[in-house]
Amino acid sequence: MMAAESAQTLERGLRLLRLLAEGHGGRTPTELAGELGLSRPVVYRLLTTLQAEGFARRDADGRVHLGFGVLMLAQAVQPLLRATALPVLRTLAERAGATAHLTIAEGDEGLAVAVVEPSWTDLHLAYREGSRHPLTRGAAGLALLALRAAPSGDDKGNGGDPPLRTSRGQLQEGATGIAAPITGLSWLEASVGVVSFADLDVATVGPLVLTAAEDLAAALAQPEPSPAQPAG
């Protein structure tokens with residue numbers, strides 16, 4: 001009985017955090033109670049615990065926002081995200097002959113969390129992990145804005161495919177980029193792309209970028225394997 005109640009409390013707390021993550025303007029406890037289908041006393045108890053742990057905060061108007069404690073969890077996720085992305089990016093870089101990268105959205109900026117350069121080209125663009133740029137500049141950022149602009153529940157376009165975005169000389173003079181958003185993951189705003197000093201043929205490289213975005217989305221959506229059961 002105690003375990004069931006604890007699991008229910010945890011589930012409610014996670015639902016509350018997801019709801020806060022969806023709203024940039026914050027919500028009142030009454031609004032949270034209505035959207036979650038819970039009583040206000042239950043919501044207040046959940047908020048008290050989340051605030052004590054730094055995962056929720058209230059502003060001067062009493063509206064509830066995500067707390068800065070969530071940033072620590074996000075930073076811990078980045079190495080796992082990078083490890084999952086590297087094999088996909090390596091394949092993309094080798095096939096496209098261009099530097100491949102995974103970019104995530106942090107507010108109004110894009111952050112490159114994983115970069116792989118091709119091994120066989122004589123000249124390729126060096127793109128540093130940790131690089132930041134406004135979402136309004138560069139193919140990766142434009143792909144993220146396309147993801148944000150997609151109607152709720154419909155993060156694809158162009159006949160069912162994620163939209164491709166291209167750029168030329170926006171982040172570095174003479175560089176061209178092609179990127180596509182990673183779709184189907186409500187917890188992640190990210191794009192996959194390539195950048196090169198050579199002209200990139202969208203008809204040839206675009207499908208490679210789309211395939212990489214789909215492969216990475218599938219890899220990140222995989223559930224954790226269940227522990228092996230002892231033979232009995």
Exercise for the section: Using the side-chain contact (heavy atoms from CB on, under 4.5 Å) rule, pick out the option among Val115, Leu102, Val116 that qualifies with Leu86. Expected result: Val116
Handout entry: Sidechain-backbone polar pair: Thr166 side chain, Val202 backbone, donor-acceptor under 3.5 Å
Key = no
Exercise for the section: Grab the two heavy atoms, one from Gly97 and one from Pro118, that are nearest each other, plus how far apart they are. Expected result: C-CG, 3.9 Å
Exercise for the section: Please report the shortest heavy-atom distance between Ala96 and Val205, naming the atom on each side. Expected result: CB-CG1, 4.1 Å
Problem - Note, Val192 side chain near Ile182 side chain (heavy atom, < 4.5 Å) - result: yes
Fill in the blank from the handout: Residues pairing under salt bridge (charged side-chain N to carboxylate O under 4.0 Å, His left out) where one sits in residues 168-187, two or more places apart or in two chains, turn out to be Arg168-Asp199
Exercise for the section: Kindly work out whether a path of hydrophobic side-chain contacts (I/L/V/M/F/W/Y, heavy atoms less than 4.5 Å apart) joins Leu111 to Trp187. Expected result: yes
Problem - Non-hydrogen side-chain atoms of Gln78 and Ile104 separated by less than 4.5 Å - result: yes
Practice task
Compare all side-chain heavy atoms of Leu200 with those of Val194 and state whether any distance is below 4.5 angstrom.
Solution key: yes
Handout entry: Non-neighbouring partners of Glu94 that pass salt bridge (charged side-chain N to carboxylate O under 4.0 Å, His left out), sequence neighbours left out
Key = none
Problem - Sequence-distant partners of Arg45, side-chain hydrogen bond (donor to acceptor under 3.5 Å, both in side chains), two or more places apart - result: none
Handout entry: Set of side-chain hydrogen bond (donor to acceptor under 3.5 Å, both in side chains) partners for Gln170, sequence neighbours left out
Key = none
Practice task
Report yes if the side chains of Ile178 and Arg165 come closer than 4.5 Å at any heavy-atom pair, otherwise no.
Solution key: no
Handout entry: Leu17 CG to Leu50 CG distance, which is reported to the nearest 0.5 Å
Key = 5.0 Å
Exercise for the section: Verify the cluster assignment for Leu73 and Leu46: are they in a single hydrophobic cluster under the rule of side-chain heavy atoms below 4.5 Å apart? Expected result: yes
Practice task
Measure the CG-CG distance between Leu47 and Leu32 for me, rounded to the nearest 0.5 Å.
Solution key: 6.0 Å
Exercise for the section: May I ask you to decide if Gly26's main-chain N or O and Arg63's side chain share a donor-acceptor pair within less than 3.5 Å? Expected result: yes
Handout entry: Neighbour count >12 (heavy atoms, 6.0 Å) for atom CZ, Arg95
Key = no
Exercise for the section: Indicate the atoms forming the closest heavy-atom contact of Leu164 with Gly206, along with that distance. Expected result: CD1-CA, 3.7 Å
Donor-acceptor pairs under 3.5 Å, side chain of residues 138-147 to any protein atom, not counting sequence neighbours: which ones?
none

Handout entry: Distance in Å, Leu19 CG paired with Glu31 CD, rounded so as to fall on 0.5 Å steps
Key = 9.5 Å
Exercise for the section: Answer whether the closest heavy-atom distance between the side chains of Leu20 and His65 falls below 4.5 Å. Expected result: no
Problem - salt bridge (charged side-chain N to carboxylate O under 4.0 Å, His left out): pairs with one or both residues in residues 67-77, sequence neighbours excluded - result: none
Fill in the blank from the handout: Across all chains, not counting sequence neighbours, the side-chain hydrogen bond (donor to acceptor under 3.5 Å, both in side chains) partners of Glu35 are Arg27
Problem - Inter-residue atom distance Arg18.CZ - Leu36.CG, 0.5 Å rounding - result: 11.0 Å
Exercise for the section: Quick one: which residue pairs count as a ring pair (Phe, Tyr, Trp, His ring centres under 6.0 Å) with a foot in residues 89-114, not counting sequence neighbours? Expected result: His101-Tyr127
Practice task
Any pair with a residue in residues 127-137 that passes salt bridge (charged side-chain N to carboxylate O under 4.0 Å, His left out), sequence neighbours left out, goes on the list, sorted by first then second residue, please.
Solution key: Arg82-Glu129, Glu106-Arg132, Glu109-Arg132
Problem - Inter- and intrachain pairs under ring pair (Phe, Tyr, Trp, His ring centres under 6.0 Å), touching residues 42-62, at least two apart - result: none
Problem - Residues which pass side-chain hydrogen bond (donor to acceptor under 3.5 Å, both in side chains) with Asp61, listed by chain and number, not counting sequence neighbours - result: none
Problem - Inter-residue atom distance Ser191.OG - Leu135.CG, 0.5 Å rounding - result: 9.0 Å
Handout entry: Residue pairs passing the salt bridge (charged side-chain N to carboxylate O under 4.0 Å, His left out) test where at least one lies in residues 48-57, sequence neighbours excluded
Key = none
Handout entry: Closest non-hydrogen atom pair between Gly62 and Pro29, with its separation
Key = O-CD, 3.7 Å
Handout entry: From Leu216 atom CG to Thr91 atom OG1, the distance as rounded to the nearest 0.5 Å
Key = 11.5 Å
